[in-house]
2 protein chains.
Amino acid sequence: MDANLKYRKILKRHNLSATQFRIRVLKEIDIVGRPISRNELLDKLGIKTDRVTLYRNLQILCEFNIIENVDPEGSGFFVLKYGKKAHDLHHLHFECTECKKLYCIHEIVSDISKIPAGFNVDSFYLLAKGTCEACSTNN
Amino acid sequence: MDANLKYRKILKRHNLSATQFRIRVLKEIDIVGRPISRNELLDKLGIKTDRVTLYRNLQILCEFNIIENVDPEGSGFFVLKYGKKAHDLHHLHFECTECKKLYCIHEIVSDISKIPAGFNVDSFYLLAKGTCEACSTNN
DNA sequence: TCAAATTTGCATCCATGTTGCAAAAGTAAT
DNA sequence: ATTACTTTTGCAACATGGATGCAAATTTGA
């Protein structure tokens with residue numbers, strides 16, 4: 001009956017309070033179905049949404065492994081990270097400089113197995129920037 | 001006789017005024033020999049250096065193809081880009097989250113020839129983050 | 001050397017991210 | 001359901017990084 005039960009359960013499973021705010025955030029990330037930026041989330045949540053609260057919750061949700069930041073830049077792009085379809089980081093992300101959306105290009109992958117000794121890798125990114133089809137043709 | 005003649009010539013060749021400021025910037029980028037960030041440049045140029053002037057000149061030098069930004073993030077990392085040893089963008093960059101330095105790892109490369117149609121690629125980056133040998137052992 | 005053009009340095013603004021804290025919401029026990 | 005307790009939210013304030021406008025200084029070229 002509760003359409004938000006899904007998100008409430010995820011939060012509870014990770015020992016986090018199931019607040020309205022967090023449920024809304026998870027729902028938006030889930031619905032959009034691709035890595036979403038802080039600013040796009042702010043837009044979707046409404047203009048009155050507090051930036052601080054969103055940033056703090058994104059950080060908490062990351063720490064509790066409920067979501068994941070899949071982009072190296074400060075602001076980041078977030079995806080859900082639970083159950084079966086974990087986001088594989090070793091494919092290419094294409095960021096459109098016009099619409100600011102991030103596309104996953106699974107055709108292009110790379111690996112870091114050949115990295116020289118001494119480098120302690122925490123995260124790895126394959127990133128392209130340019131314009132997506134929609135933005136290229138609309139000009 | 002003029003130790004800075006080299007940089008003066010580069011600027012002139014590209015029809016840019018050979019100002020003291022630009023000569024100092026080019027010299028620092030040349031000396032450090034690896035991609036250098038805005039903040040590290042500010043440090044090297046001295047605490048009194050004006051941020052705006054540096055940013056504006058880095059942008060101009062990029063536009064005139066004298067230097068190149070080899071990192072996708074806002075602040076960026078800059079290298080000289082003239083003559084023989086142009087920086088090849090398709091190798092891995094390792095950014096140390098401790099000392100903030102960027103290392104070029106030529107052992108790891110990738111290519112974007114298999115990118116699906118419709119994506120108009122302007123720039124491409126292979127980026128790893130973590131701690132370098134020096135920073136890993138000094139903790 | 002001097003006038004014209006360009007560049008610099010400063011003031012100011014804007015966007016983005018952080019911290020502290022009182023008020024509000026969520027939780028768990030009765 | 002009410003209560004007491006804990007956590008979270010929303011706001012104010014601050015910090016950093018980047019951009020613009022403009023007068024003063026530097027550079028250029030005749």
Side-chain angles (χ1 to χ4, degrees), chain A residues 2 4-5 7-28 36-64 66-67 69 71-78 95 97 100 102 129, chain B residues 2 4-5 7-28 36-64 66-67 69 71-78 95 97 100 102 129:
Chain A
D2 182 0
N4 297 327
L5 189 58
Y7 310 110
R8 182 166 260 116
K9 275 186 176 174
I10 294 170
L11 290 164
K12 281 296 154 194
R13 197 184 312 142
H14 290 82
N15 289 311
L16 280 177
S17 302
T19 66
Q20 289 307 307
F21 195 98
R22 287 176 184 156
I23 290 169
R24 284 205 302 149
V25 169
L26 287 181
K27 196 174 193 172
E28 290 298 347
I36 185 170
S37 69
R38 293 182 178 187
N39 281 338
E40 195 178 347
L41 263 174
L42 272 177
D43 278 350
K44 288 195 183 296
L45 293 171
I47 198 154
K48 298 192 63 180
T49 307
D50 184 54
R51 252 171 49 241
V52 178
T53 306
L54 177 60
Y55 295 175
R56 268 197 284 231
N57 274 298
L58 288 175
Q59 192 182 326
I60 289 168
L61 292 172
C62 278
E63 282 165 9
F64 281 75
I66 297 174
I67 64 173
N69 182 353
D71 196 74
E73 311 209 25
S75 54
F77 284 84
F78 301 88
E95 186 179 338
T97 51
K100 312 295 182 197
L102 196 75
K129 292 194 180 190
Chain B
D2 182 0
N4 296 328
L5 189 58
Y7 309 111
R8 183 165 260 113
K9 275 186 176 172
I10 294 170
L11 290 165
K12 280 297 153 194
R13 197 184 311 142
H14 290 82
N15 290 312
L16 279 177
S17 303
T19 66
Q20 290 306 308
F21 195 97
R22 286 176 184 157
I23 290 169
R24 285 204 302 148
V25 169
L26 287 182
K27 196 174 194 172
E28 291 298 346
I36 186 171
S37 69
R38 293 182 179 188
N39 281 338
E40 195 177 347
L41 263 174
L42 272 176
D43 278 350
K44 290 196 183 294
L45 293 172
I47 197 153
K48 299 191 62 180
T49 307
D50 184 55
R51 252 172 50 241
V52 178
T53 306
L54 177 61
Y55 294 175
R56 267 197 284 228
N57 274 297
L58 287 175
Q59 194 183 324
I60 288 169
L61 292 172
C62 278
E63 282 167 6
F64 280 75
I66 296 173
I67 65 172
N69 182 352
D71 196 74
E73 311 210 22
S75 53
F77 284 85
F78 301 88
E95 185 178 339
T97 52
K100 311 295 183 195
L102 196 76
K129 292 195 179 190

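These numbers were taken from a predicted model, which means no experiment stands behind them. Per chain, numbering begins at 1; letters A, B, ... match sequence-line order. All values below were derived from every heavy atom in this structure, side-chain atoms included, with hydrogens, water molecules and symmetry-related copies excluded.
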If the cut-off is 4.0 Å, is A/S75 near the phosphate of C/dT16, judged by side-chain N/O to OP1 or OP2? no
A/L45 to A/R24 - nearest heavy-atom pair and separation: O-NH1, 3.2 Å
Let me know the distance between CG of A/N15 and C1' of D/dT6, rounded to the nearest Å. 14 Å
Rounding to an integer number of Å, can you tell me how far B/H14 NE2 sits from D/dT28 P? 16 Å
C/dT7 phosphate, OP1 or OP2, under 4.0 Å from B/S17 side-chain N/O: yes
Go through it in stages, so that I can follow the logic: the residues are A/N4 and A/L26, the test is side chain to side chain contact (heavy atoms under 4.5 Å, CB included), and I'd like the CA-CA distance, side-chain angles, deciding distance and then a yes or no. CA-CA 10 Å; A/N4 297 327; A/L26 287 181; over 6 Å; no
Closest contact, heavy atoms only, B/R38 versus B/S75: NE-O, 3.1 Å
Angle, rounded to 10°, between the helical axes spanning five pairs at each terminus of the helix from C/dT1-D/dA30 to C/dT30-D/dA1? 40°
Could you tell me whether the phosphate oxygens of C/dT27, OP1 or OP2, come under 4.0 Å of any side-chain nitrogen or oxygen in A/K12? yes
Nearest-Å distance for atom pair CZ/C1', residues A/R24 and D/dT9: 12 Å
So which atom in B/V25 and which in B/L41 form the shortest heavy-atom distance, rounded to 0.1 Å? O-CD2, 4.4 Å
Write down the atom of A/N69, the atom of A/C62, and the distance for their closest heavy-atom approach. N-SG, 4.0 Å
D/dG17 OP1/OP2 closer than 4.0 Å to side-chain N/O of B/R38: no
Rounded to the nearest Å, what distance is computed from the CG atom of residue B/L42 to the C1' atom of nucleotide D/dG18? 12 Å
Could you walk me through whether A/F64 and A/L11 pass the side chain to side chain contact (heavy atoms under 4.5 Å, CB included) test, one step at a time? CA-CA 9 Å; A/F64 281 75; A/L11 290 164; over 6 Å; no
Nearest-angstrom distance from the residue atom CG of B/L16 to P of C/dA5: 18 Å
Tell me the interatomic distance from A/R22, atom CZ, to C/dG26, atom P, rounded to whole angstroms. 11 Å
Between B/G76 and A/T49, who's closer to the 5' end of DNA chain D by nearest nucleotide? A/T49
Test your reading of the model: is there a side-chain donor-acceptor pair from B/R22 to the backbone of B/N57, 3.5 Å cut-off? no
Can you tell me the distance, in whole Å, between the CD1 atom of A/I23 and the P atom of D/dT8? 13 Å
Provide, to the nearest angstrom, the distance between the CZ atom belonging to B/F78 and the C1' atom belonging to D/dG18. 12 Å
Go through D/dT27, C/dT16, D/dT28 for me and flag the one nearest to the A/N39 side chain. C/dT16
Can you tell me how far apart CG (B/D50) and CG (B/L42) are? Round to the nearest 0.5 Å. 9.0 Å
Scanning both residues in full, the closest heavy-atom pair of B/R8 with B/A18 reads CG-CB, 3.8 Å
Residues of residues 50-59 of chain A with a heavy atom under 4.0 Å from any atom of DNA chain C, listed by number, are A/R51, A/V52, A/Y55, A/R56
